[in-house]
Amino acid sequence: MDETEFWELVDESREAAEGDPDEQADQLVERLLRLDPESVLDFARHFESRYNRAYRWDLWGAAWVLLDGASDDAFDFFRCWLIGQGRETFEGAVHDPDSLADLLEDFDEEVDGDGEELGYAADEAYEQLTGTVAPDLGLPPASSDPEGTPFDLENKSVLAERYPRLWDRFKA
């Protein structure tokens, strides 16, 4: 599976789910079950590499603004949700987290921002296809610390300064 196929599956599942992250995970599992186990593992590798790539302080700050706070787990689930928003939104956010103000049509912190189940979709599909737990993906280990320079996520003036568009759109 190449990168284009990966993003096509993400987009198809999101569109079929009409933006509901839990339903998107179910739709994704259904689509992955149509593939062979090695393709499911390829999907998992693509997902995991993007998940690790999004482990950045600047993205955590954007999640903090959108979610009105984001614990370690909440940020993990946010990164899964971000991948589920598709290539344009994901890449835009990785390059400029404040651009999420322009990339997101709307954002409901009660529904959006939590894609925990998306993170399990490939594992679930693989287990259903093979009856076994997915093997190690062979990717380099994830960093224990987010990339970039840490800053005070709880300081509202710092957040407003670092994310002016997000702050104006979702907090003002």
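The CD atom of Glu91 sits 9.5 Å away from the CG atom of Leu82 when rounded to the nearest 0.5 Å. Between the CZ atom in Phe43 and the CE atom in Met1 there is a gap of 7.0 Å [rounded to 0.5 Å]. Atoms CH2 and NE2, on Trp7 and His46 in that order, are 10.5 Å from each other to the nearest 0.5 Å. Going from atom CD of Glu12 over to atom CD of Gln24 covers 11.0 Å, rounded to the nearest 0.5 Å. Here Arg56 contributes atom CZ and Glu147 contributes atom CD; the two are 5.0 Å apart, rounded to the nearest 0.5 Å. Here the straight-line distance linking atom CD of Glu124 with atom CD of Glu117 works out to 8.0 Å at 0.5 Å rounding.
Side-chain atoms of Tyr163 come within 3.5 Å of backbone N or O of Asp58 as a donor-acceptor pair. Of the possible polar contacts, one joining the Arg14 side chain to the Gly84 backbone as a donor-acceptor pair under 3.5 Å is found. In this structure, Lys171 contributes its side chain and Ala160 its backbone to no donor-acceptor pair below 3.5 Å. Here the side chain of Ser71 pairs a donor or acceptor atom with the backbone of Ala74 at under 3.5 angstrom. No donor-acceptor distance shorter than 3.5 angstrom exists from the side chain of Ser13 to the backbone of Gln27, with no hydrogens or angles considered. Proximity of a side-chain donor or acceptor of Asp98 to a complementary backbone N or O of Leu166 within less than 3.5 Å is detected.
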*side-chain contact (heavy atoms from CB on, under 4.5 Å) between Leu100 and Leu66, worked out*: CA-CA 9 Å; Leu100 283 169; Leu66 287 166; 4.1 Å; yes
_Arg50 and Phe6: CA distance, side-chain angles, deciding distance, side-chain contact (heavy atoms from CB on, under 4.5 Å) verdict_ = CA-CA 11 Å; Arg50 279 148 192 83; Phe6 168 80; 3.6 Å; yes
*Going through the distances and angles, do Asn155 and Ser157 end up as a side chain to side chain donor-acceptor pair (under 3.5 Å)?*
CA-CA 6 Å; Asn155 185 324; Ser157 62; 2.7 Å; yes
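Residues Leu28 and Phe77 do not share a hydrophobic cluster, clusters being chains of Ile/Leu/Val/Met/Phe/Trp/Tyr side chains in contact below 4.5 Å. By the criterion of side-chain heavy atoms lying less than 4.5 angstrom apart, applied directly or through intervening Ile, Leu, Val, Met, Phe, Trp or Tyr residues, Ile83 is not grouped with Tyr120; the two fall into different hydrophobic clusters.
A donor-acceptor contact under 3.5 angstrom links the side chains of Ser39 and Asp36, judged on distance only.
Phe47 has its side chain within reach of Cys80: a pair of non-hydrogen atoms, C-beta onward, lies under 4.5 Å apart. Using a 4.5 Å heavy-atom threshold, the side chains of Leu41 and Pro135 count as touching. Thr132 places none of its side-chain heavy atoms less than 4.5 Å from the side chain of Glu127. The shortest distance between side-chain heavy atoms of Phe90 and Val10 does not fall below 4.5 Å.
By the 30° and 60° cut-offs, the orientation of the rings of Trp60 relative to Trp57 is parallel.
When all heavy atoms of Pro21 and Gly115 are compared, the pair lying nearest together is CB-CA, 4.4 Å. Residue Glu48 comes nearest to Leu137 through the heavy atom pair CB-CD1, 4.1 Å, listed as atom of the first residue, atom of the second, then distance. Summarising the geometry of Ala54 relative to Leu59, their closest heavy-atom pair is O-CD1, 3.5 Å, with the distance given to 0.1 Å. Between Ala25 and Ala121, the closest heavy-atom pair is O-CB, 4.2 Å. Contact detail for Val29 and Ala125: the closest heavy-atom pair is O-CB, 4.3 Å. Closest approach of Leu32 to Leu129, counting heavy atoms only: O-CD1, 4.0 Å.
With salt bridges taken as basic N to acidic carboxylate O contacts below 4.0 Å, one links Arg45 and Glu38.
For Arg87, the side chain to side chain donor-acceptor pair (under 3.5 Å) partners two or more places apart in sequence, or in a different chain, are Glu3. Partners of Asp114 under the side chain to side chain donor-acceptor pair (under 3.5 Å) rule, at least two apart in sequence or in another chain, do not exist in this structure.
A cation-pi contact links Arg162 to Phe151, judged by a cut-off of 6.0 Å to the six-membered ring centre and 45° from its axis. For the pair Arg53 and Tyr55, the cation does not sit on the ring face, since its NZ or CZ is not both under 6.0 Å from the ring centre and inside 45° of the axis.
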Compile the donor-acceptor pairs under 3.5 Å between side chains in residues 102-113 and protein atoms, sequence neighbours left out, one pair per line.
unit_1: Asp102; atom_1: OD2; unit_2: Arg165; atom_2: NH1; d: 2.7
unit_1: Asp108; atom_1: OD1; unit_2: Glu110; atom_2: N; d: 2.9
unit_1: Asp112; atom_1: OD2; unit_2: Asp108; atom_2: N; d: 2.9

